[in-house]
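Below is one structure, written out as C-alpha cells; the observations come after it.
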Amino acid sequence: MPFRSIIPMEAFDGGLNSKYEPQIIADNEAQSCANVVFDDLGGVATRQGYSQVNTGLVNSNPCDGLYTANWNNGNQSMCAWFGTDMYVLSGTTFVTVPSAQGIYATGAVKFNEMYQNVMFIGDGGTPYKYDEGVFTRHGVEVPSLVADGGTRTAGGNLIGDYHYKVTYVNTQVVEGDVSTGTATLVGTASGEQILVTGIAVPAQSFGVDAKYLYRTVAGSGISGSYYFVTSLAASTTTYTDNIASAAQGSVAPTDAGKPPRYKYLKTFQERLFFNDEDNPMYLWYSDLGNPFTVKATNFIKISDGDGEVITGLAVQGSSLIVFKENSVWIIYMPSTDDTGWIRLKSNSKYGCASHKSIVEYEQQLMFLGQQNKKITGFYAFSGNTTEPDATALRATTMFGDAKSDRIEPDTELFQNANKDRSVGRAWENKLWFTSTYGVGQATNNRVYQFDFVRRGNSRKIGSWVPFTGMSFNDFSVLDGKLYAATSDSTGFVYQLQDGSYTDNGSGIDSFFETKEFDGGKNLRHIDKDFRQANFTVETLGDWKMRLSHRIDSEKGDGNAQDVDLNPGGSLWGTASYGADPWGGGKTRIDQKIELGQSEGKRVSFKFTNLSTAGSGFKVIRGN
C-alpha cells in the first residue's frame with residue numbers, strides 16, 4: 001500500500017562538498033555551488049557584486065599589492081603597486097607617489113606592515129618605508145667616507161692629527177652606522193681650525209634628514225674611537241671644525257645596521273621581524289623599539305638542517321610563528337628580552353605556500369598549505385603556546401588542522417606556479433582567499449570564501465563557496481569597506497559587497513545544487529514517486545529565479561521551473577488606481593513546485609538567478 005513521506009530540507013548553509021558522493025554529503029551541503037552566501041537562518045542567497053573604484057586604469061599591469069595605511073591622525077591611505085610604481089588613491093584616481101616611480105620590478109609581490117606610524121614595504125629587493133606622503137628606504141644607509149683634504153687656518157682649538165667619519169640620520173631621528181672609511185687629515189696643527197670638505201650628500205631616496213660628523217681625539221690614530229662633533233644638514237658638503245677634544249660628544253655607533261633584503265615582515269614584541277632573501281634560513285629582527293636598525297647579532301637560524309626556506313610570518317599568543325616550506329616553527333617570546341626567547345618546532349605536518357594567505361581568526365591561523373612544494377589545501381594552525389616544551393624543542397600541542405577536505409578536488413586544481421599570489425583576508429566573519437584555479441591558468445581567477453561561523457549536522461565547522469568572476473591579486477579595507485585589485489592587466493581596483501547583484505555591470509552566475517535526497521536509510525533503495533516540493537523564498541525584486549530538479553543523478557540541467565520573486569503590492573503615491581494592488585507586498589512566499597512524473601530513488605534541487613545582471617535569489621528552507 002503506498003504511503004506519503006515528507007523529506008525535510010531545513011537548511012542550505014553547508015557550502016560546497018565536492019569530495020564525497022552527492023547522496024552521502026550533509027543535508028545542508030551542496031554538490032555544486034558558486035557565488036552564494038549563507039545567513040543565520042540557514043538560508044542560501046546570491047552574493048553581492050562589486051563596482052569599479054578608479055575611473056581610469058592605473059596602468060596596464062596586474063596589481064602587485066594593495067594595502068591601506070591607517071595613520072595615527074585618523075587618516076587612511078590606500079596604496080597600490082602596479083608595474084614599476086607605487087600609487088595612492090585620491091578620490092577616484094590612483095596617483096603616483098613621489099620618489100616611488102620606476103624603482104620596482106613588475107610582478108614582484110609587495111608585503112606590508114605598519115609600525116610606529118610608518119608603513120614598511122618588502123618585495124625581495126631594497127626595502128622601503130612610507131610615512132604619509134614621504135617614500136624612502138627602510139634602513140638608514142651607510143654613507144661614503146669623508147673625502148681627504150682640508151684647509152687649516154690659525155687661531156683655533158685643534159692641535160694634532162685627526163680622522164673623520166660621518167653617519168646619516170633619517171626623518172625619524174634614527175642614526176645609522178658610521179661610514180666605513182675615514183678622512184685622514186695629517187699634519188701637526190698648533191691652535192688651528194680644520195676645513196673638512198667632500199662630505200657625502202645622500203640620495204633623496206635614502207630619506208636622510210641630517211648628518212652627524214665624528215672625529216678622533218688628537219693623536220689616537222685612524223683606528224681610534226670617533227666622537228660626535230656636529231650635526232649637519234643633509235645637503236652640507238663642508239664644515240669648519242673648531243671643536244676641542246674635551247667638547248666632543250658621544251662615541252659613534254658601530255652596530256646600527258640595515259635590515260636585510262626581505263619579502264615577509266611582521267611586528268611583534270616592539271620589533272620588526274624579517275626573512276632574509278640572501279640567507280633563506282635566517283630570521284632577523286630590529287632593535288627594540290627601533291624598526292630602522294638591526295644589530296649584527298639580531299638573527300635566529302630557523303633550521304634543523306632541513307634545507308627549507310622561510311615562507312611566511314604570523315603571530316599567535318605569545319609566539320612568533322615562522323612558516324617554512326614543509327614545517328611550522330615557533331619563537332616563544334614571553335617578553336621583549338630576546339635572551340629569553342625559545343625556538344621550537346611545531347607538530348604541523350604542512351608548510352605554508354604563501355605568506356599573504358595567512359589569516360588570523362578565532363585564535364587560529366588559516367593558511368594555504370603545501371608539502372614538498374605542492375599545494376595540499378587550507379589548514380588552521382591551532383593550539384596554545386603556554387609553557388612550550390623547550391627540552392624537546394617541539395610544541396606538540398600546536399598543529400595544522402585540515403579545513404578544506406570537503407573541497408579537496410578544487411584545491412588540487414590550484415596552480416603551484418602562482419601559489420605565492422594566494423591572498424587571504426578576514427572580513428565580516430568570513431575568510432576570503434584568492435586562487436589560480438584550473439590547468440593552464442597563470443593568474444588568480446577565483447575567490448574561495450570560508451564562512452567559519454557555519455556548523456552543519458556533522459559538527460564540521462565552516463562552509464566553502466567558490467566565487468567566480470573575481471580575478472583579484474589582493475584585498476584591502478578602506479573606511480570600513482572591502483576592496484580588491486585586479487590580477488589581469490586591466491589596472492583597476494574594485495569595491496566588493498557593494499549591495500548590487502552585478503559584477504561591475506555583468507551578471508553573477510549564482511547557483512546552489514542540493515545533495516541527492518533519498519528519504520534516509522529506510523527509504524534509500526526504494527523507488528519513489530516524487531510529487532511536490534515546497535520552498536520558502538524571499539521576494540527580492542521584480543525578476544525570476546529558476547528552480548530545477550534532477551532524479552537519480554540524471555545528466556543535464558533537469559526539469560526547470562521559474563519562480564517570480566516580485567513582492568507584489570504598491571505603496572502610496574506609486575500605485576495606479578484600479579490597476580495595482582494596494583500594500584507593500586510580501587517579503588517571503590512559500591512556493592509549491594509540482595514535480596510531475598518524477599520517479600526514482602533520489603532527487604536533488606538547483607536554485608539559480610539565471611546569471612542575470614541585477615538579479616539574485618534567497619532560499620530559506622524546503623521539503
Side-chain angles (χ1 to χ4, degrees), residues 1-17 20-33 36-46 406 451 454-460 463 465 510-540 544-554 557-568 586-610 616-623:
M1 179 177 179
F3 65 92
R4 183 170 181 264
S5 177
I6 297 177
I7 303 173
M9 292 173 279
E10 297 178 347
F12 304 102
D13 61 349
L16 178 64
N17 190 334
Y20 299 100
E21 288 296 321
Q23 61 265 36
I24 66 172
I25 62 179
D27 287 356
N28 66 334
E29 292 180 341
Q31 58 176 300
S32 65
C33 66
V36 293
V37 292
F38 314 108
D39 66 10
D40 293 337
L41 300 175
V44 58
T46 299
R406 285 170 293 171
D451 188 343
R454 302 294 113 206
R455 188 191 294 266
N457 294 333
S458 66
R459 313 307 295 166
K460 188 74 173 180
S463 297
V465 173
S510 174
F511 64 90
F512 184 98
E513 187 172 11
T514 69
K515 70 168 291 181
E516 293 185 342
F517 290 93
D518 55 20
K521 63 180 181 180
N522 293 329
L523 301 176
R524 183 161 297 153
H525 302 295
I526 298 176
D527 286 322
K528 292 171 277 289
D529 181 8
F530 296 105
R531 294 293 183 89
Q532 292 179 351
N534 294 276
F535 295 96
T536 301
V537 301
E538 290 203 3
T539 51
L540 300 178
K544 291 180 171 59
M545 66 168 279
R546 179 157 294 172
L547 197 157
S548 57
H549 70 279
R550 296 194 301 168
I551 302 297
D552 293 345
S553 305
E554 63 183 351
D557 295 329
N559 298 298
Q561 299 182 47
D562 289 344
V563 178
D564 191 349
L565 300 184
N566 188 342
K586 297 181 178 180
T587 58
R588 291 182 182 177
I589 58 174
D590 292 314
Q591 184 70 38
K592 180 187 293 185
I593 303 296
E594 299 294 341
L595 302 183
Q597 294 181 345
S598 298
E599 297 181 357
K601 294 182 173 63
R602 305 180 306 276
V603 62
S604 63
F605 298 90
K606 183 177 182 179
F607 321 123
T608 173
N609 70 338
L610 300 172
F617 69 84
K618 185 172 184 178
V619 182
I620 307 300
R621 63 183 66 87
N623 61 64

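These numbers come from a predicted model, not from an experiment.
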Starting at [atom1] of [X], measure out to [atom2] of [Y] and round the result to the nearest 0.5 Å.
X	Y	atom1	atom2	value
I6	Q532	CD1	CD	9.5 Å
E29	I24	CD	CD1	10.0 Å
D39	E538	CG	CD	7.5 Å
R588	L565	CZ	CG	13.5 Å
D564	T539	CG	OG1	9.5 Å

key: Residues K618, L540; criterion side-chain contact (heavy atoms from CB on, under 4.5 Å); working and verdict   = CA-CA 8 Å; K618 185 172 184 178; L540 300 178; 4.3 Å; yes
query = Between F535 and F607, what is the ring plane arrangement, given parallel below 30°, perpendicular above 60°, and tilted in between?
reply =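 Rings of F535 and F607: perpendicular, over 60°.
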request  = Taking only Lys NZ, Arg NE, NH1 and NH2, and the carboxylate oxygens of Asp or Glu, determine whether R546 and D557 approach each other closer than 4.0 Å.
outcome  =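 Salt bridge between R546 and D557, a charged N being under 4.0 Å from a carboxylate O: no.
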request  = Indicate yes or no: does D529 engage R531 in a salt bridge with an N to O separation below 4.0 Å.
outcome  =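 Counted as a salt bridge, because a side-chain N and a carboxylate O are separated by less than 4.0 Å.
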inquiry  = Before you tell me yes or no, could you show the steps for I593 and V563 under side-chain contact (heavy atoms from CB on, under 4.5 Å), namely the whole-Å CA-CA distance, both residues' side-chain angles and the distance that decides it to 0.1 Å?
reply    = CA-CA 9 Å; I593 303 296; V563 178; 4.2 Å; yes
Does [X] reach the main-chain N or O of [Y] with its side chain, forming a donor-acceptor pair under 3.5 Å?
X	Y	result
N566	G568	yes
T536	I620	no
K515	Q23	yes
T514	F605	yes
N28	A11	no
T608	S510	yes
D552	K601	yes
T46	F617	yes
E516	E21	no

Compare every heavy atom of [Y] with every heavy atom of [X], then report the nearest pair and how far apart it is.
X	Y	value
R406	G14	NH1-O, 3.8 Å
P8	N623	CA-CB, 4.0 Å
V537	M545	CG1-SD, 4.2 Å
C33	G15	SG-C, 4.4 Å

task = Not counting sequence neighbours, which residues clear side-chain contact (heavy atoms from CB on, under 4.5 Å) with S598? List them please.
result =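 Residues passing side-chain contact (heavy atoms from CB on, under 4.5 Å) with S598: F530, H549, I551, L595.
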ask   = Considering residues at least two apart in sequence or located in another chain, which fulfil the side-chain contact (heavy atoms from CB on, under 4.5 Å) criterion with S32?
value =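 Once residues adjacent in sequence are excluded, the partners of S32 under the side-chain contact (heavy atoms from CB on, under 4.5 Å) criterion are F511, E513.
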inquiry  = Could you go through F512 and V619, starting from their C-alpha distance and side-chain angles, then the distance that decides it, and tell me whether this counts as side-chain contact (heavy atoms from CB on, under 4.5 Å)?
reply    = CA-CA 10 Å; F512 184 98; V619 182; over 6 Å; no
ask   = Would you call R550 and K606 a side-chain contact if the rule is heavy atoms closer than 4.5 Å?
value =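 R550 vs K606: side chains apart.
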key: CG/D527: more than 12 non-hydrogen atoms of other groups inside 6.0 Å   =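 Yes.
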task = Using the side-chain contact (heavy atoms from CB on, under 4.5 Å) rule, take R621 and M9 through it: C-alpha gap first, then chi angles, then the decisive distance, then the call.
result = CA-CA 6 Å; R621 63 183 66 87; M9 292 173 279; over 6 Å; no
